[in-house]
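Below is one structure, written out as structure tokens, with a few remarks after it.
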Amino acid sequence: NGRDFEIWDCAVCHFRFSTGPSAASTESQDSEQRAIERNLSFDAELDAARARIQALVARFPERIPQCMTGEILEIGASQGALGVVLAEQFPIRYNAVEIAESLWPALDRRAGDKFLVHKRALHELTLPAGYFNAAWCLHTLEHIPDFPDFLRQLRTVLKPNACLVVAVPNGNCWQERISGRAWPMYMPGHVNTFVPGSLERAFQQAGFVVEEMWTEDGGHFWVEAWA
């Protein structure tokens, strides 16, 4: 009816509606196809992660390589593509924090001595203070109701002068102004919308020094900050 919809099959998170009358037979028939789709999805994430890191190193040629050593943290790790790519280029041990159970099998397949998987939210983990050299938080803050408190918690587990890289939807972009409530970033699960001033203040109040904020294709904010 143009207002209500159901997700039957999601190519991103691999959710499948499985309670319909013909779901059981369909599920058994296409398991191989879904495995292929998962691999294609991860390959796309790898390509995006490589491009992202290349762009950041070009933007911060000294800062990013300097921080990408030792213990690295990613909040909202998805399938762990960023960790795989970082390990290809830098001497790190990657710590993936991901609470979405549908993504745990993909992370478990990559787990090892240099790829640690944490299946709890940050505030539920027992992490040592001042431990990580850098943290990544890409399209995660929009899912966290009390994101200022989350930033304060994150600050405590980072070393002094550690690097934090964040990406969030840009609530002040032209796409939002044209689309209004139909803007794709106003999706279920997104509880925050960000504009430059309030976002920078939240970082500063959590104890971070914002080095630079910039937009990517208008629709997303990127933040590079120091602990």
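- When each of Glu71, Glu74, Lys114 is paired with Tyr94, the side-chain hydrogen bond (donor to acceptor under 3.5 Å, both in side chains) condition holds for Glu74 and for no other.
- Between Leu122 and Leu127, the closest side-chain pair of non-hydrogen atoms falls below 4.5 Å.
- In this structure, Ile144 is a member of the same hydrophobic cluster as Leu125, with clusters built from ILVMFWY side-chain heavy atoms closer than 4.5 Å.
- In terms of hydrophobic clustering, with Ile, Leu, Val, Met, Phe, Trp and Tyr side chains grouped at heavy-atom distances under 4.5 Å, Leu73 and Ile99 are assigned to different clusters.
- Shown here for Ala225 and Phe208, the closest heavy-atom pair between the two residues is CB-CB, 4.2 Å.
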Test ring pair (Phe, Tyr, Trp, His ring centres under 6.0 Å) applied to Trp226 and Phe60, step by step: CA-CA 13 Å; Trp226 299 358; Phe60 306 103; 9.7 Å; no

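- Side-chain contact between Asn95 and Ile72: absent, with no pair of heavy atoms (C-beta onward) separated by less than 4.5 Å.
- Following chains of ILVMFWY side-chain contacts shorter than 4.5 Å, one cannot reach Leu154 starting from Leu116, and the two form parts of different hydrophobic clusters.
- With Arg50 as the partner, the side-chain hydrogen bond (donor to acceptor under 3.5 Å, both in side chains) test is satisfied by one option alone out of Glu88, Glu45, Gln89: Glu88.
- Pairing each heavy atom of Val85 with each of Ala49, the nearest pair is CG2-CB, 3.8 Å.
- A continuous path of Ile, Leu, Val, Met, Phe, Trp and Tyr side chains, each step under 4.5 Å between heavy atoms, connects Trp214 with Trp136, placing both in one hydrophobic cluster.
- With salt bridges taken as basic N to acidic carboxylate O contacts below 4.0 Å, one links Arg59 and Glu212.
- Leu158 contributes atom CG, which lies 12.0 Å from atom CD of Gln153 (distance to the nearest 0.5 angstrom).
- The heavy-atom pair separating Ile92 from Met68 by the smallest distance is CG2-O, 3.4 Å.
- For the residue pair Ala227 and Lys159, the shortest heavy atom distance occurs at CB-O, 3.5 Å.
- Considering only heavy atoms from C-beta on, Phe90 comes within 4.5 Å of Ile53 through its side chain.
- Using a 30° and 60° split on the angle between ring planes, Phe147 and Phe194 fall in the perpendicular class, above 60°.
- With rounding to the nearest 0.5 angstrom, the CG atom of Leu151 is 12.0 Å from the CD atom of Gln204.
- For Gln79 against Leu103, the heavy-atom pair with the smallest separation is CG-CD2, 4.0 Å.
- Glu224 has a carboxylate O that lies under 4.0 Å from a charged side-chain N of Arg63, or vice versa, which qualifies the two as a salt bridge.
- When side chains are defined from C-beta on, Val209 does not count as touching Phe203, because their heavy atoms never get closer than 4.5 Å.
- A heavy-atom distance below 4.5 Å is not found between the side chains of Val166 and Trp222.
- For the pair Arg110 and Phe42, the cation sits on the ring face: its NZ or CZ lies under 6.0 Å from the ring centre, inside 45° of the axis.
- Residues Ala77 and Ala96 share a closest heavy-atom pair of CB-CB, 3.5 Å.
- In the hydrophobic clustering of ILVMFWY residues, with side-chain heavy atoms under 4.5 Å counting as a link, Val117 and Leu46 come out together.
- Glu62 CD: 12 or fewer foreign heavy atoms inside a 6.0 Å radius.
- Using a 4.5 Å cut-off on side-chain heavy atoms (C-beta onward), Cys163 and Ile64 make contact.
- The existence of a salt bridge linking Asp47 and Arg52 is excluded, since no basic side-chain nitrogen approaches an acidic carboxylate oxygen closer than 4.0 Å.
- The closest donor-acceptor contact from the side chain of Glu98 to the backbone of Ser78 lies under 3.5 Å.
- Side chain of Thr140 to main chain of Ile75: a donor-acceptor pair is present (N/O by atom type, distance under 3.5 Å, no hydrogens or angles).
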